[in-house]
Each structure stands twice: as structure tokens, then as C-alpha cells.
Amino acid sequence: MLFSRRLIILALLAVSMISGAQTISIVSPTASTVSSPVHVVANFSSTAQIESISVVIDGAEVAQPQAVTPLDIQIPMSAGNHTLTINAVQSDGLQLSASRSVDVSAPVTSTGTSSTSSSNTVPDPGIAMSTSGGTSSISHIEEKSGWYMFPDQGNPNCSSRPNLMSSPSLDGTSGRFHLDPTGQFNNCLWPIKLGTSTATHFKLETNFQLSNPSSSQGIEFSSNKHIGTKWYKFSVQCSYYKGVFSVWDTAGSQWVATSIPCKRPAANAWQNLVVQTEINNGKAVFVSLTFNGVTHTINKSFNPRTSTWANSFGVHVQMNGNRSGDSYYAWVDNLKITLW
């Protein structure tokens, strides 16, 4: 009798350990207020293949996406507080579920009376924008859909877009980019178009960290703006090889080094970058750069290139590989652009 009881206890413990390994982790949205449509991302830790997935809002099923993991889907939601539930069924019949409370904000309308920027900055569909007076801003860009990838040099294997992760992150969700070179100095670039605007002043802000900084030749962040057929590209590169930041000469298609130091960081350590730029007298002007709380004046200007996409604007992230072709990750968080 005692032996049977022990067997039952051991069986219950085994079931508990197995079920504990089978979970759904909702990566997006975070607990903070979001706008509709809501970007829903979930990771699955399962011991068998996921056969079906359903998305439930306040007890009502709203979507049955394909059983492709991780889940990445846009879900329209009305303003207010909702309970988001993601259900899944494994091939062995085991059911998984996870829920999160979501606060959805009412649609944002321009609060400014100025005719300069806020009324003339229009985000693309699915891109939430806040406005105040003559200033417009788009936050958490790493969490947006619309990212795409193309190799900038070589033929590396790269993530198709930033994969949303709950860790490491500063606000609960970061975007993880992956560069896996197949040769020397391979690069990958990820752009996203955000909307159209007549703005001429820009501030780009971000936090980032690298899994293995010794594998990186450098990392690059950029905002870009089209006015008619003129393309203004505000790229800054933290070049670990040179030990300084460089800025991009669009018309000359070359990097121009500054004297602003950019040393190779420790692994998995957050870095903070803020870049102020503007379009003045028909040129792309790099005004200043703030790195980890220290502000430096740049005051360099370059001519634009001829292009299309009239009045559109966006940002991009680029990872640069080293001579040895080592792979690494870059996590980006709180990526934000402000325009006026």
C-alpha cells in the first residue's frame, strides 16, 4: 500500500514537471497602454507540435491563425480595458492558455493648432502616433510590423525582422536582430517606413545591447526623410574598428568620421543613443549626438540624393559583421522618432 502511494506521488510530480514546461509566453502587448490594432506576439514552450491557436478577447474568439510559432498577429480592439487570452492545443491533446489585461487607448487626434508639423505628419496604417502642438512622435518602433530585411554586404543569414522578446528588455518588450555572416564583413540592414511628413527636424532615440560585441564591426541607426525627389539619410554608425561615431554623407555615399568616442561595450550592457538632425538650406544637418548621457555637437551637413517616395519618412537598424564572420544578436528597445 505504501509502495502504491509512493508511485502515485511520483507520477503526480512527473506530470507537474512536464506541464510546467509547457507554457505560452505573451511577449506583446506589454502591460502599458497600446493602440488598435494591437500587435500580439507569443512564444510557445511545448513538448509536442502546436496543432491549433486561437485568440480570445473578453471571452469571445476573434481569430484562429495558422499554427505557426511564434504567434505574430495584429488584432483590432476597441478602446478600453480587455482581457487577451491565447489558447493552443498540442498534437497530443494537451491544452495551453495564457491571459493578459490590455488597456487600449482611444484613437489619437492632433491637439495642436499649428499648420507646420503635427497636421502634416501622417502615420502609415497600423502605426500609432502621438501629437502635441507642432510635434509628432512614434514610440516603440521595434515592436511595429512592417520591418523588412536585405543584406547590405555579402550574403549573410539574418532574421527577417526583429523578433520580439520579453528579456532582455527595459520596458517588457525588445526587438532582437540577428546577423549570421557567411563571409567577411557581412552586413544586414532592417528598414521600416512609418508615414509621410513635411517635418524638417528630427530626434531619434534608442537603447541597444549586443550579445557578443567582439563579433561586431559596428552598429548603425538611421532616420530618413524624403522631400519630393530628394532623399535625406541621417545615419550614424558606432564604429568599433575606428573607435568613434561616423555620420553618413548621402550624396557622397561615404562615412565621415567624427571625434565622438564609441568604444566597444561590455556584452549584454544597455547603451543609450539620441541623435538630433534637421533639414536646413536643402542639406541634411547632423546637429548633435548624445551617447550614454553625454552630449556632443556634430554640426556636419551633406547634400541629399535624388530618389522617390515623396515626403515619406522611416528608420533603419544595421548590424555590421567582423573579418572572422562571427554571428551575434542585437537587442533594440524604446526606439522612438520625434518630428517637428
Side-chain angles (χ1 to χ4, degrees), residues 141-142 152-153 162 168-170 174-179 181 184-190 201-224 232-280 283-303 315-338:
I141 300 173
E142 73 280 358
D152 187 57
Q153 183 171 319
S169 69
L170 296 170
S174 64
R176 187 187 71 182
F177 298 84
H178 181 218
L179 170 64
Q184 295 182 345
F185 304 119
N186 285 185
N187 302 334
C188 262
L189 184 148
W190 294 265
H201 294 74
F202 316 94
K203 180 168 74 169
L204 185 67
E205 305 171 69
T206 191
N207 293 284
F208 66 95
Q209 67 168 264
L210 308 180
S211 61
N212 188 6
S214 63
S215 298
S216 176
Q217 190 78 355
I219 188 164
E220 173 186 328
F221 295 92
S222 176
S223 59
N224 56 80
Y232 299 86
K233 188 177 178 182
F234 300 101
S235 299
V236 296
Q237 183 187 85
C238 182
S239 173
Y240 302 129
Y241 175 74
K242 299 176 182 176
V244 296
F245 277 97
S246 295
V247 294
W248 183 248
D249 175 359
T250 304
S253 297
Q254 62 181 343
W255 288 106
V256 177
T258 71
S259 59
I260 303 171
C262 183
K263 297 180 180 179
R264 197 178 299 273
N268 305 311
W270 287 108
Q271 310 288 297
N272 177 259
L273 177 67
V274 180
V275 183
Q276 297 262 16
T277 56
E278 64 182 44
I279 298 172
N280 196 330
K283 292 189 175 184
V285 181
F286 291 83
V287 180
S288 67
L289 182 152
T290 302
F291 189 51
N292 293 332
V294 181
T295 300
H296 307 266
T297 299
I298 302 177
N299 196 26
K300 292 183 182 294
S301 60
F302 305 98
N303 289 316
V315 303
H316 81 236
V317 176
Q318 178 167 320
M319 296 171 65
N320 302 321
N322 62 6
R323 182 183 297 274
S324 301
D326 299 318
S327 64
Y328 67 102
Y329 292 104
W331 289 270
V332 176
D333 207 348
N334 295 320
L335 181 58
K336 177 182 180 180
I337 187 171
T338 303

Note, [X] side chain near [Y] side chain (heavy atom, < 4.5 Å):
{"X": "Ser216", "Y": "Tyr240", "answer": "yes"}
{"X": "Val285", "Y": "Phe302", "answer": "no"}
{"X": "Tyr232", "Y": "Thr250", "answer": "no"}
{"X": "Phe234", "Y": "Val247", "answer": "no"}
{"X": "Thr277", "Y": "Val287", "answer": "no"}
{"X": "Leu210", "Y": "Ile219", "answer": "yes"}
{"X": "Leu170", "Y": "Trp270", "answer": "yes"}
{"X": "Pro213", "Y": "Tyr328", "answer": "no"}

Under 3.5 Å, is there a donor-acceptor pair between the side chain of [X] and the main chain of [Y]?
{"X": "Thr290", "Y": "Gly293", "answer": "no"}
{"X": "Gln237", "Y": "Gly218", "answer": "no"}
{"X": "Ser211", "Y": "Tyr329", "answer": "yes"}
{"X": "Asn322", "Y": "Asp326", "answer": "yes"}
{"X": "Ser174", "Y": "Pro168", "answer": "yes"}

Minimum heavy-atom separation for [X] to [Y], with atom names?
{"X": "Pro181", "Y": "Ser327", "result": "CD-CA, 3.7 Å"}
{"X": "Gly321", "Y": "Gln217", "result": "O-CB, 3.2 Å"}
{"X": "Gln276", "Y": "Lys203", "result": "NE2-CD, 3.4 Å"}
{"X": "Glu142", "Y": "Gly175", "result": "CG-N, 3.7 Å"}

What is the distance from atom [atom1] of [X] to atom [atom2] of [Y], rounded to the nearest 0.5 Å?
{"X": "Leu179", "Y": "Leu189", "atom1": "CG", "atom2": "CG", "answer": "11.5 Å"}
{"X": "Ser223", "Y": "Ile337", "atom1": "OG", "atom2": "CD1", "answer": "4.5 Å"}
{"X": "Met319", "Y": "Asn187", "atom1": "CE", "atom2": "CG", "answer": "10.0 Å"}
{"X": "His296", "Y": "Ser288", "atom1": "NE2", "atom2": "OG", "answer": "10.0 Å"}
{"X": "Cys238", "Y": "Glu220", "atom1": "SG", "atom2": "CD", "answer": "11.0 Å"}
{"X": "Thr338", "Y": "Glu205", "atom1": "OG1", "atom2": "CD", "answer": "5.5 Å"}

Study note, to complete from the structure: Test side chain to side chain donor-acceptor pair (under 3.5 Å), reference Asn272, set Thr206, Asp333, Asn207, output is Asn207

Could you tabulate the donor-acceptor pairs under 3.5 Å formed by side-chain atoms of residues 252-263, not counting sequence neighbours?
from, atom 1, to, atom 2, distance (Å)
Gln254, NE2, Asp249, OD2, 3.4
Thr258, OG1, Phe245, O, 2.7
Thr258, OG1, Ile260, N, 3.1

Check your understanding: So does Arg264 have more than 12 non-hydrogen atoms from other groups sitting under 6.0 Å from CZ?
Key -> yes

Practice item. Given side chain to side chain contact (heavy atoms under 4.5 Å, CB included), test Ser235 with His316 step by step and report yes or no. Key: CA-CA 9 Å; Ser235 299; His316 81 236; 3.6 Å; yes

Practice item. Go through the steps to decide whether Ile279 and Phe202 satisfy the test side chain to side chain contact (heavy atoms under 4.5 Å, CB included), and finish with yes or no. Key: CA-CA 9 Å; Ile279 298 172; Phe202 316 94; 4.0 Å; yes

Exercise for review: Please lay out, stage by stage, how Phe286 and Thr297 fare under the test side chain to side chain contact (heavy atoms under 4.5 Å, CB included).
Suggested key: CA-CA 9 Å; Phe286 291 83; Thr297 299; over 6 Å; no

**Study point:** Geometric class of the Phe291/Phe208 ring pair [parallel <30°, tilted 30-60°, perpendicular >60°]
**Key:** parallel

Check your understanding: Side chains of Gln318 and Asn320: donor-acceptor distance under 3.5 Å anywhere?
Key -> yes

Check your understanding: So, Asn212 and Ser214: side-chain donor and acceptor under 3.5 Å apart, yes or no?
Key -> yes

**Study point:** Test side chain to side chain contact (heavy atoms under 4.5 Å, CB included) applied to Trp190 and Phe177, step by step
**Key:** CA-CA 9 Å; Trp190 294 265; Phe177 298 84; 3.4 Å; yes

Exercise for review: Determine, stepwise, if the pair Asn292 / Gln271 fulfils side-chain hydrogen bond (donor to acceptor under 3.5 Å, both in side chains).
Suggested key: CA-CA 6 Å; Asn292 293 332; Gln271 310 288 297; 3.1 Å; yes

